Number of protein chains: 2
Amino acid sequence: MKTLENYSTDCGINLLAMRDTLDVLGGKWKLLILHYLITREHEINTFKKMEREITGISAKMLTKELRDLETNKLVHRAQQDTRPITVRYSITPYGKNAEILIQQLVTWGKNHRAQLTGKVVL
Amino acid sequence: MKTLENYSTDCGINLLAMRDTLDVLGGKWKLLILHYLITREHEINTFKKMEREITGISAKMLTKELRDLETNKLVHRAQQDTRPITVRYSITPYGKNAEILIQQLVTWGKNHRAQLTGKVVL
DNA sequence: CTGTATCCGATTGGATACTG
DNA sequence: CAGTATCCAATCGGATACAG
């Protein structure tokens with residue numbers, strides 16, 4: 001992990017925190033996956049279901065992103081003793097902390113789209 | 001721009017908004033640049049100054065990211081009539097809307113780092 | 001079903017040299 | 001100073017085939 005030493009200029013602590021967040025949640029899919037699992041907290045979310053319902057993601061990416069999220073304790077993986085094997089993914093209590101962040105992303109995106117079409121919504 | 005048609009399943013509107021945001025603000029540098037310009041709103045921020053002070057960014061990336069942000073009206077570019085030419089970049093009033101989002105990123109990052117080191121800060 | 005392994009094209013992004 | 005142009009390595013990420 002990075003240390004503060006590299007960012008000692010100015011408001012380095014905030015920059016470091018932002019980079020941490022971007023490292024953990026950045027990229028094309030992670031926040032979308034968290035959003036998916038948060039809004040479907042009370043459903044059974046298998047790998048296949050997620051691959052089908054998260055538009056555009058490939059199995060390879062879904063695996064990788066889920067592993068990363070699991071490593072950071074944001075997502076829980078529960079392998080079922082079925083045949084064939086199924087796996088249930090769920091958001092962790094800690095993972096739900098991202099909900100505020102996600103809501104901000106949604107709000108900003110809606111406002112930006114309105115901005116572009118001329119209807120400013122503040 | 002994308003349309004809602006492609007995301008008609010479930011809470012498609014929110015997903016679309018998230019993707020919009022990730023498209024406009026996503027990637028390694030854009031939010032860091034906005035943060036830089038917001039916290040230095042009353043300074044004169046030239047290209048060179050930014051290149052020096054935003055740790056790790058290359059001229060190529062800085063140019064590209066600033067162009068993208070300008071296109072989305074988040075950043076203003078003002079070329080000065082000096083010799084040699086200097087350029088001042090500043091956050092736009094609209095660009096300041098990102099401040100809430102950025103603050104969330106900072107908060108999340110700080111909390112996550114505390115989480116990893118055992119000190120949970122909620 | 002839930003992945004892994006491999007191939008391979010597309011994209012990212014740094015280094016360097018150069019222009020106005 | 002503020003970029004642009006070029007080269008090139010590394011990574012991303014889709015498609016496909018295969019394994020447990």
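Fair warning: this is a prediction, and the values are worked out from it, not measured in the lab. Just so you know, these numbers use all the heavy atoms, side chains as well, and skip hydrogens, waters and symmetry mates.
- The heavy-atom pair separating B:Glu41 from B:Ile91 by the smallest distance is CG-CG2, 4.0 Å.
- Here the C1' atom of nucleotide C:dC1 and the CD1 atom of A:Ile44 are 15 Å apart, to the nearest Å.
- Ion pairing between a basic and an acidic side chain is recognised when a charged N comes within 4.0 Å of a carboxylate O; A:Lys96 and A:Glu99 show no such pairing.
- Checked against the 6.0 Å centroid criterion, the rings of A:His112 and B:Tyr94 qualify as a close aromatic pair.
- Between C:dT2, C:dG13, D:dG3, one nucleotide has an atom nearer to the side chain of A:Ile85 than all others, and that is C:dT2.
- With rounding to whole Å, B:Gln80 atom CD is found 10 Å from D:dA2 atom P.
- Residues A:Leu66 and A:Ile85 share a single hydrophobic cluster, defined by chaining ILVMFWY side chains whose heavy atoms lie under 4.5 Å apart.
- The CZ atom of B:Arg83 sits 10 Å away from the C1' atom of C:dG20 (whole-angstrom rounding).
- A straight line from CG of A:Asn45 to C1' of C:dT2 spans 15 Å, rounded to a whole angstrom.
- Here the side chain of B:Val87 is nearest to one of D:dC1, D:dG3, C:dG3, namely D:dG3.
- Closest approach of A:Val106 to B:Ala17, counting heavy atoms only: O-CB, 3.4 Å.
- Residue A:Thr63 has its side chain nearest to C:dT4 when only C:dT4, D:dG14, C:dG14 are considered.
- At C:dG14, one or more side-chain N or O atoms of B:Ser58 fall inside 4.0 Å of OP1 or OP2 (strictly under the cut-off).
- Each of C:dT2, C:dG14, D:dA15 was ranked by its minimum atom distance to the side chain of B:Trp29; first place goes to C:dG14.
- When the P atom of C:dG14 is taken as reference, atom NZ of B:Lys64 falls 11 Å away, rounded to whole Å.
- Here the nucleotide nearest the side chain of B:Thr86, chosen from D:dG14, C:dC1, D:dC1, is D:dC1.
- OP1 or OP2 of C:dC1 has not a single side-chain nitrogen or oxygen of A:Tyr89 nearer than 4.0 Å.
- Comparing A:Lys28 and A:Pro84 by the nucleotide of DNA chain D that holds the closest heavy atom to each, the one mapping nearer the 5' end is A:Lys28.
- Atom CG in B:Asp68 sits roughly 13 Å away from atom C1' in C:dT12 (whole-Å rounding).
- Between A:Leu62 atom CG and C:dT4 atom C1' there is a gap of 14 Å when expressed in whole angstrom units.
- The residue A:Thr82 sits apart from the nucleic acid: no heavy atom pair falls under 4.0 Å.
- For B:Lys48, taking side-chain heavy atoms from C-beta onward, the closest of the listed nucleotides D:dG3, D:dC1, C:dG14 is D:dC1.
- Residue B:Arg67 is classed as a sugar-phosphate contact, given heavy-atom separations below 4.0 Å to backbone atoms only.
- Within the nucleic acid shown, A:Arg77 comes within 4.0 Å of sugar-phosphate atoms alone, with no base atom in reach, counting heavy atoms only.
- Atom CD1 of B:Ile57 is separated from atom P of C:dG14 by 8 Å (rounded to the nearest Å).
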